Undergrad: 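To start, I am sharing the structure in question, which I have written as structure tokens.
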Protein chains: 2
Amino acid sequence: MGSGRVQPRALRPGGRTTRVRAQVLQAAGDVLAEQGFTHLDLADVARRAGVGKTTVYRRWGTVAGLVADLLIDMAEQSLPRTETGILLDDLKANAQLVRRTLADARQGSLFKSIIAAAMCDARAASAMHGFYDTRIAEWVPCVQQAIERGEVPQGTDTHKVIRAVSAPLYYHLLVTGDSIDETMADQAAQAAVIAARAGVYMRPGHS
Amino acid sequence: MGSGRVQPRALRPGGRTTRVRAQVLQAAGDVLAEQGFTHLDLADVARRAGVGKTTVYRRWGTVAGLVADLLIDMAEQSLPRTETGILLDDLKANAQLVRRTLADARQGSLFKSIIAAAMCDARAASAMHGFYDTRIAEWVPCVQQAIERGEVPQGTDTHKVIRAVSAPLYYHLLVTGDSIDETMADQAAQAAVIAARAGVYMRPGHS
DNA sequence: CCATTAAGGGAACTGGAGTCCTGTTATGGG
DNA sequence: CCCATAACAGGACTCCAGTTCCCTTAATGG
């Protein structure tokens, strides 16, 4: 092929491309929060973002693809984590953070839309799994430290403990529509700690 | 208005109407399980049900409306409940029932689609809440009996205990796509019992 | 049985989501 | 500073989900 140096891919992440992505993701988040998953058409997103409709279709293709990219973006924006030195208090802080997120008008609606997308499309689903993996991993050290302090038994599955905190809150969102009160969030943390102490969340292969 | 007796509503629940509903709901469930929420168009449902497209649009109108009616139908089909006399065993049975439902190819996909619908539409959401209310209420007596036996403290919120069993299973479905193993279901039951015994799920106003 | 009228069926119509084509902008290398 | 081209913008086009209109079927009451 003569001089055909196969350029592996000459992407242009500079200026405009990045700006367009930011604008589109912002608009997509707005629409998802305001109108919901089913009312999201890409033309509308493009209009709000002040961007050509073709661009959105070319780069993201489908609603689910857009949600997937939005989740990747969200996962990168890490939230600060408290560290009190007492497992219960750390988990209460986590539970309250989740509660506030789901209670917030914009964030709450946005998460509902994201869940809807994940239930409909495999790509959006795995993006969401990645998002939660990231968020859960941020809080795992709390449990790890509790193990080292002897608060919970050796061989405890740290991820399971963190998941046990959020689970009742998300489930509540699912089965009853109403928002989660602070008491319930604290209860979720308490239940997680008590079960972890009792050795319910042991990794397989530990006594 | 002369002879205008205002007939409150002269519905015809006989033969055909009921049959059409059953056929349409069956088809709707099939499509939701096979194709998912986003790929559900009412014309396709009508074709599968062997029913006129207009009929489906007239009676149910939207995808969400169809899901709502499907949930009402599902809530009516009650499932048998075991009663062992030991709270942990009862809740393990419940957890395994939920696990099997979500693990089943058809049922699992169907539930994902239903959740998607509920996250998009208020009517579908309240239908789903009603469905879960029914299902949870069926298992509440297990906890009530445990209170009477003294297994868990007086003043325990029975509904919260039942919800605590399902919560980790649904959350797992959400956060990681993979199916739920039997160990995890048992753990969910164990955690619920331990937390309930410790008095985490007390109704407000009890010591 | 027959009359009445809910309820269903068929087919043409329509609006907007998604695609395609063509021209324009601005990024990055030299 | 300039060229090559990645990436964007605009508008015409297509196709089908959802609507509308009108006719047919069959449930109900007497």
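Side chains included, hydrogens not; waters and symmetry mates left out as well; all remaining heavy atoms used. Fair warning: this is a prediction, and the values are worked out from it, not measured in the lab.
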Undergrad: For Leu66(B) and dA17(D), give me the distance from atom CG to atom P, rounded to whole Å.
TA: 15 Å
Undergrad: Among dG18(C), dA7(C), dT27(C), find the nucleotide with the atom closest to the side chain of Arg16(B).
TA: dA7(C)
Undergrad: Between P on dC8(D) and CZ on Arg19(A), what's the gap in Å once rounded to a whole number?
TA: 11 Å
Undergrad: Can you label the angle between the Tyr170(B) ring and the Tyr132(B) ring as parallel, tilted or perpendicular, going by 30° and 60°?
TA: perpendicular
Undergrad: For the pair made of CD in Gln23(B) and C1' in dA7(C), what is the distance, rounded to whole Å?
TA: 14 Å
Undergrad: Would you indicate, yes or no, if dT19(C) has its OP1 or OP2 atom less than 4.0 angstrom from a side-chain nitrogen or oxygen of Tyr57(A)?
TA: no
Undergrad: Is there side-chain contact between Asp69(A) and Arg21(A), with heavy atoms separated by less than 4.5 Å?
TA: yes
Undergrad: Output yes when at least one side-chain N/O atom of Thr55(A) is less than 4.0 Å from OP1 or OP2 of dA7(D), else no.
TA: no
Undergrad: Who passes salt bridge (Lys or Arg N to Asp or Glu O under 4.0 Å) against Arg19(B), sequence neighbours left out?
TA: none
Undergrad: Is it true that, when you exclude Lys112(A) itself, more than 12 heavy atoms of the residues, nucleotides or ligands shown sit nearer than 6.0 Å to its NZ?
TA: no
Undergrad: Can you work out whether Arg21(A) or Val63(B) has the more 5'-proximal nearest nucleotide on DNA chain D?
TA: Arg21(A)
Undergrad: Of Ala43(A) and Thr54(A), whose nearest nucleotide on DNA chain C comes first from the 5' end?
TA: Ala43(A)
Undergrad: Send over the distance from Leu42(B) CG to dG8(C) P, rounded to a whole Å.
TA: 14 Å
Undergrad: Would you mind reading off the distance between Lys53(A) atom NZ and dC13(D) atom P, rounded to a whole angstrom?
TA: 14 Å
Undergrad: Does dG8(C) have its OP1 or OP2 closer than 4.0 Å to a side-chain nitrogen or oxygen of Arg59(B)?
TA: yes
Undergrad: So if I take the C1' atoms of five pairs at each end of the helix from dC1(C)-dG30(D) to dG30(C)-dC1(D) and get each local axis, what angle do the two axes make, rounded to 10 degrees?
TA: 50°
Undergrad: Counting only side-chain N and O atoms of Arg58(A), is one of them less than 4.0 Å from OP1 or OP2 of dC8(D)?
TA: yes
Undergrad: Is it the case that the side chains of Ser78(A) and Glu138(A) hold a donor-acceptor pair, with the cut-off being a distance below 3.5 Å and no angle test?
TA: yes
Undergrad: CZ of Arg47(A) versus P of dG16(C): gap in Å, rounded?
TA: 11 Å
Undergrad: Is the side chain of Ser166(A) donor-acceptor paired with the backbone N or O of Arg163(A) at a distance under 3.5 Å, no angle test?
TA: no
Undergrad: Rounded off to whole Å, could you give me the CG-to-P distance for the Asp41(A) and dA17(D) pair?
TA: 16 Å
Undergrad: Give the C-alpha distance, both sets of side-chain angles, the deciding distance and a yes or no for side chain to side chain donor-acceptor pair (under 3.5 Å) between Asp186(B) and Gln190(B).
TA: CA-CA 6 Å; Asp186(B) 282 348; Gln190(B) 279 166 30; 5.7 Å; no
